[in-house]
Protein chains: 4
Amino acid sequence: MPDASNRRSTERTEAIMRTTLDLGQEIGYAKLTIEAVAARAGAGKHTIYRRWPSKGALLLDSLLCLHESALAYPDTGDVIADLRAQIYGAVDLLAGPSFGPLFRALIGEAQYDPQLAAALNERFITPLADKTVARLKAARDQGQLSPDFDLTLAMAILSGPLYFQFLITQGPLTHEYVDRILDALFAGMEPRPRARASRARPATSSVRPVS
Amino acid sequence: MPDASNRRSTERTEAIMRTTLDLGQEIGYAKLTIEAVAARAGAGKHTIYRRWPSKGALLLDSLLCLHESALAYPDTGDVIADLRAQIYGAVDLLAGPSFGPLFRALIGEAQYDPQLAAALNERFITPLADKTVARLKAARDQGQLSPDFDLTLAMAILSGPLYFQFLITQGPLTHEYVDRILDALFAGMEPRPRARASRARPATSSVRPVS
Amino acid sequence: MPDASNRRSTERTEAIMRTTLDLGQEIGYAKLTIEAVAARAGAGKHTIYRRWPSKGALLLDSLLCLHESALAYPDTGDVIADLRAQIYGAVDLLAGPSFGPLFRALIGEAQYDPQLAAALNERFITPLADKTVARLKAARDQGQLSPDFDLTLAMAILSGPLYFQFLITQGPLTHEYVDRILDALFAGMEPRPRARASRARPATSSVRPVS
Amino acid sequence: MPDASNRRSTERTEAIMRTTLDLGQEIGYAKLTIEAVAARAGAGKHTIYRRWPSKGALLLDSLLCLHESALAYPDTGDVIADLRAQIYGAVDLLAGPSFGPLFRALIGEAQYDPQLAAALNERFITPLADKTVARLKAARDQGQLSPDFDLTLAMAILSGPLYFQFLITQGPLTHEYVDRILDALFAGMEPRPRARASRARPATSSVRPVS
DNA sequence: GAGTAAGCGAGACGGTACGTCCGGTCTTTTC
DNA sequence: GAAAAGACCGGACGTACCGTCTCGCTTACTC
């Protein structure tokens, strides 16, 4: 049970974060101002600066705290299918109108704010990547993937094109596009037995070990 | 032959761009100011605003004009080797201290400046991607790649992880990392005969057609 | 003929000073704000800060520039009468509702702003005192005052009680009060012969009854 | 006998007042802050606001409580000499480095804080003036001054130039200056006989040469 | 060549937000 | 039950750039 001071503090914090998101969606990140957030939230500027060192940090917190659910995905038996569902989820989040534009701006800001970049990695990118890697590892352990499958590289090959689409070409992020990448990644190895059949070719995986 | 006014104009323009790069490298993109560029270059602010609509546009121009050479690569017989060399070059440019940080900031800015994003794509991303796709197509035409190789997807799988590393994890961009991705991409198909040997499995390429 | 830039500058400056006085009279010195002056005058804050280093300096300029006339007084033949008229004028200015309260606040501010104190002395106090001393000297030269009359001290004895009334007791500044002080100051010497004639009156005291 | 709470309260109050003076002397009135006083005194801001309505009131209290002694002066037989000693004392207090600057600032603040002005008059100016008037009255009653001597005006002529020097020209307040004013005030009357004796001297002027 | 127009440096200007500071109120915790 | 500690709103501070604007000066082009 939180004590009174925490409760009060928490309420303030959440009100500010919610205002940040609302305002951010209305006028966009570039025009988003700590001054305006404070005014709209009925808060003193100091109250914001006490909690967050920069506009970026405030928005990062706001986005993550209010979209925590988006990272949780169920565990069916089929690890590969679960992975696909998980990536669908991540892509839906990024493509969504309430998260995508602000998050894109946030990654943008991180390009010249190392502190923000670190926070972004620590609190969003890495956890998500770890989940992906964990699923891949589970699949490998279950024999759905070749034992010499390079998990980290696979994760990069999975994520990279999605972020490329998201940040650079700024085209749509569809499930179909996710499928194309996943299919390419797992080409020729999904059914383990088939992999055994092609014993003549040692490098069955499209992703070869680092060694 | 350019007339005098053009010549003078060009000199001014180049001086401003050079100052932009110098100053940008000294103090970073975030603190880079049109006001400061004007002051350092001994130019009026008007003179800058007359030529470029925004700080981002100015920096984009400055970066591209002063690193034009980086996009040109030789043509040996071996298309795949040429592709590798080309990507090495791109990666070296991005990893370089005089181009990388500013360019990264520029991509950052493009996240909330659609005009800049468009210009960036049109003048840097797309030309580079086209070159890559052209090489891949040449390789496919020469039979070094499977005929059902999805060129665009391959390009995305090549570029994505590199930009992911560059923008998100902000780790080092090494030739070795490029190799790992290229090897994964071409796994099992580089020697055409081997690809034929696995005829039983239609999905020889790690990158399957869009179908 | 002032050139265009001066004319523009002057107009801005005067508009700001007028706004300062207006606002100052409406809400008082304590609540007067550079921010509010800028807003009301439709000027940028920088435009004010460029011209004046502090609120006090701005108000000093505003008060003096817009009440320049108050320091000018005519020259009749009777120097002592002229002096009296001059002091009446000064007192009327100080007692006036448009000058008094703000000027009082200004002297207040000068108590902990040495720069303002210096400016105040240089631009208002000293010129006024010099005028007074000049009149006294003229009177002495004309023989209306004793040759060993200490001009500076007389000025202090004239001004001191007025400022004491103005700043400390904050009572009304009337012509009658001026008369009492002047009479006390000149007691027994105004008409040189009369001093001798009044020999019978023991009240040679410089401080006469109010009567 | 004060109970414990009163004693504790008094200690707190004095500690705050002492801190106020210390801090005020260190950084000057302008930069003196209730916040800073509270911090340095180890007191809550509430504790200060509960006792004093404003910074000025706090400083006034602090100055007066810690310099109470300065208003007490001995009674010898010679009333005029006693008066002179009393004014010497007042002037020494004002000219002193520990009282003068802060007191000057306080009078400054009183220019736009009527409550403070009232308190200042009631607790410092008026008591002091009353003492002066009382001495003058005693002198008049003893026959050292003319019976039609205007006590209040004399007080004003005594105090005015001193405060003028203190507040306006901000020059030094010396005993010599006090003497000049006193001499001018009492010109020709201190030794009653001398007043009569000097009848022949035309220089009955109340203002004597500096020399 | 003289006159005219354009480009330019310089920098004033109205705005807007910054991040800091303090006033004065309120709440929580400690002694 | 008073007091410390300090969170909180509000609002002004003085600074920094923005993008627009005027001002003269200097060329360079036209007639």
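Proteins come first, then strands; the chains are lettered A, B, ... in the order of their sequence lines, and each starts at number 1.
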**Student:** Look at all strands and tell whether A/R50 reaches a base, only sugar-phosphate, or nothing, counting heavy atoms closer than 4.0 Å.
**Tutor:** base
**Student:** In whole angstrom, what separates A/K31's NZ from E/dC18's C1'?
**Tutor:** 19 Å
**Student:** Let me know the distance between CD1 of B/I48 and P of F/dG19, rounded to the nearest Å.
**Tutor:** 11 Å
**Student:** Testing A/L32, A/T20, A/L102 one by one against A/Q25 for a side-chain contact (heavy atoms from CB on, under 4.5 Å), which residue passes?
**Tutor:** A/L102
**Student:** Less than 4.0 angstrom between a side-chain N/O of B/T33 and OP1 or OP2 of F/dA16, yes or no?
**Tutor:** no
**Student:** Measure from the side chain of D/Y49, starting at C-beta and using heavy atoms only, and say which of F/dT15, F/dT20, E/dG23 lies closest.
**Tutor:** E/dG23
**Student:** Verify, without hydrogens or angle tests, whether B/T19 (side chain) and B/A15 (backbone) share a donor-acceptor contact under 3.5 angstrom.
**Tutor:** yes
**Student:** How many Å lie between CZ on D/R40 and P on F/dA4, as a whole number?
**Tutor:** 16 Å
**Student:** Measure from the side-chain heavy atoms of B/R12 and tell me the nearest of F/dG19, E/dC8, E/dG19.
**Tutor:** E/dC8
**Student:** Between the base of E/dC26 and the side chain of D/H46, is there a donor and acceptor pair under 3.5 angstrom?
**Tutor:** yes
**Student:** Round to a whole Å and report the spacing from CG of C/L32 to C1' of F/dG11.
**Tutor:** 15 Å
**Student:** Among D/L63, D/L106, D/L64, D/I107, find the residue that satisfies the side-chain contact (heavy atoms from CB on, under 4.5 Å) test when tested with D/F124.
**Tutor:** D/L64
**Student:** Using the closest heavy atom to pick a nucleotide of DNA chain E for each, name whichever of C/A38 or D/K55 lands nearer the 5' end.
**Tutor:** C/A38
**Student:** If I take atom CH2 in residue D/W52 and atom C1' in nucleotide E/dG23, what distance separates them, rounded to the nearest angstrom?
**Tutor:** 17 Å
**Student:** Let me know the distance between CG of B/L58 and P of F/dG19, rounded to the nearest Å.
**Tutor:** 12 Å
**Student:** So does A/A36 get a backbone contact from the side chain of A/T33, meaning a donor-acceptor N/O pair under 3.5 Å?
**Tutor:** no
**Student:** Does C/K45 reach a base, just sugar-phosphate, or nothing at all? Heavy atoms under 4.0 Å.
**Tutor:** base
**Student:** Mind checking if B/A43 touches a base, just sugar-phosphate, or nothing, with heavy atoms under 4.0 Å?
**Tutor:** sugar-phosphate
**Student:** So which one's nearest nucleotide on DNA chain E is more toward 5', B/A39 or D/S54?
**Tutor:** B/A39
**Student:** Where do D/L21 and D/S62 come nearest, in terms of heavy atoms and distance?
**Tutor:** CD1-O, 3.7 Å
**Student:** For A/T47 and for A/E35, find the nucleotide of DNA chain F with the closest heavy atom, then tell me which residue's nucleotide is more 5'.
**Tutor:** A/T47
**Student:** Whole Å only: how far is the CG atom of B/D113 from the P atom of F/dC18?
**Tutor:** 14 Å
**Student:** Specify the separation, in whole Å, of atom CD of A/E11 and atom C1' of F/dC9.
**Tutor:** 16 Å
